[in-house]
Amino acid sequence: MGFNGDRDILFIVKASAPGKIILFGEHAVVYGRPALAVPVTQVHADVEITDSDSAGIWIQAPDINLHAELNTLPSDHPIASVIHNLFFLSRVSPFPSLNLKITSTIPVASGLGSGAAVTVALTRALSAHINYAMTDEQVNAFAYEIEKLHHGTPSGIDNTVITYAKPVYFIKNQVVETFKVSQPFTIVIGDTGISAPTKESVADVRMLWEADKAKWESLFDRAGAIVNQAREKIESGKPAVSTVEVWNDLGALMNQNHALLQEMTVSSLELDTLVTAALNVGALGAKMSGGGRGGNMIALVRPDQAESVARSLMEAGAKHTIITQVS
Ligand code: PMV
């Protein structure tokens, strides 16, 4: 256990980052259309750093069964790449001796942003520990560079919503705005339990887009229009628009977005099964969320329906569910 220079104060730094879901606009967002994403605080990645008495950077990440010294990891390992790149950026030399404990309750490779959350929490904890001050903008830009190392051509929406931990309206390289949720709503997240690398579905979409750009640009335009309508609904205040009307309209937009994602070939039998199960028991709308082919779907529900929709999702094959309030 480490102490600071006076050897009388225990020096611990902690940082945490939430999971996230994409409400509307995944895939089209890679092609410059807008998307909406919100943090999911029920799940999070946590990093704790203490000084180490033994030379080296000792990493404990029990959720992925990783117990190793930094230099024994390949340099392109996601955790190693955060540490190496941050120390390069901050010109730390020699590397300090540290114990890093990394834990996460965010399911891996399921569209909830587990990789980006670990990157953001680790970046914040390390930068605080070495007294290298970083603004949210700098953390976000750094996390985007790390995402690009591991995920091909990401839009940057994951690292953005996770860094700011607020609802975001996002257009790649152009707009990052947090938006006001005038009418809070309840979402049930259902996990297919199938881990599906986003990199692959993004690459497949790119191949199909290359082959027929006119068709795909029109699909992306339709997705972008849904996103803008959804944002308008979420921001529209009472009493001009009633809450129930907003929920119904948002639900219908979710269904339309899901149909487009099916056309984009990124849904799957398991995702469609969970979407149908939610709608069959009265959810107001449902869609896959994130990269697709596996991972998670989301259903918009009235608050009093949340538990019963979650139960129906489990009966239809979901591996677990999360109920979250967007507010
Ligand atoms: O990380 P995921 O699986 O939630 O997917 C990110 C959303 C995509 O639009 C499919 C890719 C991207 O980089 O925006």
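First listed ligand is number 1; within each ligand, the first listed atom is number 1.
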Identify the protein atoms, limited to N or O, that lie within less than 3.5 Å of an N or O atom of ligand 1, and list each pair with its distance to 0.1 Å.
{"unit_1": "ligand 1", "atom_1": "1 (O)", "unit_2": "Asp158", "atom_2": "OD2", "d": "2.7"}
{"unit_1": "ligand 1", "atom_1": "3 (O)", "unit_2": "Thr198", "atom_2": "OG1", "d": "2.6"}
{"unit_1": "ligand 1", "atom_1": "3 (O)", "unit_2": "Gly291", "atom_2": "N", "d": "2.9"}
{"unit_1": "ligand 1", "atom_1": "4 (O)", "unit_2": "Lys20", "atom_2": "NZ", "d": "2.6"}
{"unit_1": "ligand 1", "atom_1": "4 (O)", "unit_2": "Gly111", "atom_2": "O", "d": "3.4"}
{"unit_1": "ligand 1", "atom_1": "5 (O)", "unit_2": "Gly291", "atom_2": "N", "d": "3.3"}
{"unit_1": "ligand 1", "atom_1": "9 (O)", "unit_2": "His27", "atom_2": "N", "d": "2.8"}
{"unit_1": "ligand 1", "atom_1": "13 (O)", "unit_2": "Ser155", "atom_2": "N", "d": "2.7"}
{"unit_1": "ligand 1", "atom_1": "13 (O)", "unit_2": "Ser155", "atom_2": "OG", "d": "3.4"}
{"unit_1": "ligand 1", "atom_1": "14 (O)", "unit_2": "Ser155", "atom_2": "OG", "d": "2.5"}

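Side-chain contact between Glu217 and Arg33: present, with at least one pair of heavy atoms (C-beta onward) separated by less than 4.5 Å. Side-chain contact between Asp204 and Arg293 is present, with at least one heavy-atom pair separated by less than 4.5 Å.
Sparse packing is recorded around NZ of Lys180, with 12 or fewer heavy atoms of other residues, nucleotides or ligands lying under 6.0 Å away. Other residues, nucleotides and ligands contribute more than 12 heavy atoms inside 6.0 Å of the CD atom of Glu177. A 6.0 Å sphere centred on NZ of Lys213 holds more than 12 heavy atoms belonging to other residues, nucleotides or ligands.
Take Trp216 and apply the ring-ring contact (aromatic ring centres under 6.0 Å, His included) test, not counting sequence neighbours, and it matches Phe220.
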